[in-house]
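For reference, the structure discussed in these notes is given below.
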Number of protein chains: 2
Amino acid sequence: MATMTDIAREAGVSLSTVSYALSGKRPISPATRERIQSAIDRLQYHPTASARALASQRTSLLGVAVPQREDVDAHVIMEFVSSILTASHEQDYDLLLVAAEDHERTRRVMDEGKVDALIVMDLVEDDPRIPSLAALPRPVVLIGYPQESGGLACVDFDFLSGAMLAVRELHARGSRRIGMLTSPAATHRPSPTYARRSRLGYTMACTELGIAPTIVEVPSDAESLGAFVREQLVQEQRFDALFVHQEPALAHLGRAFAAQGVACPEDVQIVAISPEDVAVSGPWDVSNVELPISSIGRTALAMLLEMLSGPAAPPHSRLLSPTFTPRGTTRA
Amino acid sequence: MATMTDIAREAGVSLSTVSYALSGKRPISPATRERIQSAIDRLQYHPTASARALASQRTSLLGVAVPQREDVDAHVIMEFVSSILTASHEQDYDLLLVAAEDHERTRRVMDEGKVDALIVMDLVEDDPRIPSLAALPRPVVLIGYPQESGGLACVDFDFLSGAMLAVRELHARGSRRIGMLTSPAATHRPSPTYARRSRLGYTMACTELGIAPTIVEVPSDAESLGAFVREQLVQEQRFDALFVHQEPALAHLGRAFAAQGVACPEDVQIVAISPEDVAVSGPWDVSNVELPISSIGRTALAMLLEMLSGPAAPPHSRLLSPTFTPRGTTRA
DNA sequence: CTGTTAGCGCGTTCAC
DNA sequence: GTGAACGCGCTAACAG
């Protein structure tokens, strides 16, 4: 491997001249610049990352803690990672992956200066990692919005506003018995930070509109959802609209509607919070409040880079605003 | 940030003693070992990764080139990454992610010594990156088995043997008109390295068994597969068994069978090549030849580490042997 | 068993 | 505009 010294010798100049020619931090005469470049090409020179990192105190690497638990949607994780990866390459950073479950390792990666900053995905309420992350000397951004973030920067979708928007849209389209469908709250396991927020937003919107909130928790399998449709929609006719915050339920719900003759949007309107692709991939095209995965990823990265540039802005959270997209499951 | 020099002073020993105490490359008396450890704790010392990398010529980082194209299954990619991540952590390596599409960057990461070795996923036939990868001075392992691998190490599932196994199992269970169902060969786009191999295995097995091979190419949407079932299975009764190498088709196929009254496994038996989770996630439980994603990932990592340890074994490929799991779509 | 010393390759002062 | 010198924090000979 050729070093800068080799280039200097080969080009007949001094070491620092090569350095300045490469960094551009000082004007270099076109002539020597030329000879240096040709030496670089000839010797196949590439700056050594670790030497550069040692001298400059920056690695051009960003850490990303990715969850590996079975119960988080691999597609969503992949889209987060992918958006962050693309954005970081644009800023000339590479990504260092660590398993979120291995928090010891996540810490080490920061402590040893393997990365310049860190993004942590899949935060949960009362996440035990928060104090430890807050104590780190380098920038950290959380994806998720825990109630107690320990002063850490957070980026997430604004689930509260999103839920309110969904309810208002259903209300504006004539529905008055608007239920919320969601997964059973896991009291034992840690709960994602968004679970509480969407419920709260739903309840607030109902209160604001003067209608009674009803949160229905149903497991995400076909049988449970079939039973829900039969009992609560067909027999009791309890709801004329559903706000669904439960992505895996959407497809089953659509089939249950079809099987049991529930007309949508005539009998029951539906608005979901979901990424666009799951809204349109099932048996029907679901009107939704968009969950902007890629935007969250890009925003998290942008925030991290701002923090790296300098402690300009005080620590804060960014919650992405909701947008509603009417599709086949709501009336005009 | 405390440095090793600080520790040495604090513990009243020499710099190298600290280094050796940490690396364990030299016996240290329990007494001084103790004082060093206490100094480390007291000063919150952590070795600096870049300095260590510069001096030791190894980064403890492995590169992984991940594809981001829409047409590769995010789940599969995620499972590859996840298995490699877990395995590398076990060997005390971290993973550096690069976008496979950005091959320029992939090269740079190797050339600048940001990683010790590289895994490249999602190889295609005549992959243009192969010559460039083969010229790299550090170990490279491909996931995939291109016809011309340029002497690079490859790891993949043995699709040829897998297809043969599938056909034999169907034949052993009484089927004689065994068709192969797969995605249309994209003549324009690059084709994954496994497409040809499973077709070849299917054809070879048929020949071996003295039956006529028929490869049917159907797009993976519900309509196309419905039409296929109606025309070729219900009307023509062309096949009494299908070997399916087309994961996204399985669920649609199951629903089409149900809708059109094709009895499985009575009328038509089915064996797929697929990961277990997709085999059992659809409307039926499909007998399958397992596509062992995690094993491929772990094997690729193991191979990389062997290459890093020393050029013991000559360059070679590893193809994982198929296993058949009977489920609901084959007879006893 | 422990100290001393010279690099690893690059960044950044200084004087020339 | 250019060259020499030192430091980043750690590793690994080479002594003792």
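Protein chains get the first letters and strands the later ones, always in sequence-line order, with residue 1 at the start of each.
Identified under the salt bridge (charged side-chain N to carboxylate O under 4.0 Å, His left out) test for residues 41-57 of chain A, with sequence neighbours left out: A:Glu10-A:Arg42. Within the structure, salt bridge (charged side-chain N to carboxylate O under 4.0 Å, His left out) pairs that include any residue of residues 131-158 of chain A comprise A:Asp156-A:Arg197 (at least two apart or interchain). Residue pairs meeting the ring-ring contact (aromatic ring centres under 6.0 Å, His included) criterion with at least one member in residues 49-107 of chain B, sequence neighbours excluded, are A:His75-B:His75. Applying the ring-ring contact (aromatic ring centres under 6.0 Å, His included) test to pairs two or more places apart or on separate chains, none has a residue in residues 4-55 of chain A. The salt bridge (charged side-chain N to carboxylate O under 4.0 Å, His left out) analysis of residues 16-35 of chain B, with sequence neighbours excluded, yields no pairs.
Under the side-chain contact (heavy atoms from CB on, under 4.5 Å) criterion, B:Ser149 pairs with B:Pro146, B:Cys154, not counting sequence neighbours. By the side-chain hydrogen bond (donor to acceptor under 3.5 Å, both in side chains) test, A:Glu306 pairs with A:Arg318, sequence neighbours left out. Under the side-chain hydrogen bond (donor to acceptor under 3.5 Å, both in side chains) criterion, B:Ser56 pairs with no residue at all, not counting sequence neighbours. B:Thr106 is linked by a side-chain hydrogen bond (donor to acceptor under 3.5 Å, both in side chains) to nothing, counting only residues two or more places apart in sequence or in another chain.
As a whole-Å value, the separation of B:Ile36 CD1 from C:dC1 C1' is 12 Å. For A:Met4 and C:dG7, the CE to C1' distance is 17 Å, given to the nearest whole Å. Look at NZ on B:Lys114: it is 23 Å from P on C:dC8, rounded to the nearest Å. Atom P of nucleotide C:dG7 and atom CD of B:Gln57 are separated by 14 Å, given to the nearest angstrom. Atom-to-atom, CE of A:Met1 to P of C:dC10 comes out at 11 Å; the value is rounded to the nearest Å. Distance, B:Leu43 CG to D:dG9 P: 14 Å, rounded to whole Å. Distance CD1 (A:Ile7) to C1' (C:dG11): 17 Å, rounded to an integer number of Å. Between the CD atom of A:Gln44 and the C1' atom of C:dG9 there is a distance of 18 Å, given to the nearest Å.
Listed here is the closest heavy atom pair of A:Val66 and A:Glu101: O-OE1, 4.0 Å.
Across all strands shown, A:Thr5 has no heavy atoms under 4.0 Å from either base or sugar-phosphate atoms.
Recorded end-axis angle for the helix from C:dC1-D:dG16 to C:dC16-D:dG1 stands at 40°, based on five pairs per end and rounded to 10 degrees.
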ask   = So B:Val98 and B:Asp102, side chain to side chain contact (heavy atoms under 4.5 Å, CB included) or not? Walk me through it.
value = CA-CA 8 Å; B:Val98 295; B:Asp102 192 345; over 6 Å; no
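At least one side-chain nitrogen or oxygen of B:Ser29 sits closer than 4.0 Å to the OP1 or OP2 atom of C:dT2.
Contacts between residues 46-55 of chain B and DNA chain C, defined by a heavy-atom separation under 4.0 Å, are made by B:Leu54, B:Ala55. Of the residues in residues 12-28 of chain B, those lying under 4.0 Å from DNA chain D by heavy-atom distance are B:Ser16, B:Ser19, B:Tyr20, B:Lys25, B:Arg26.
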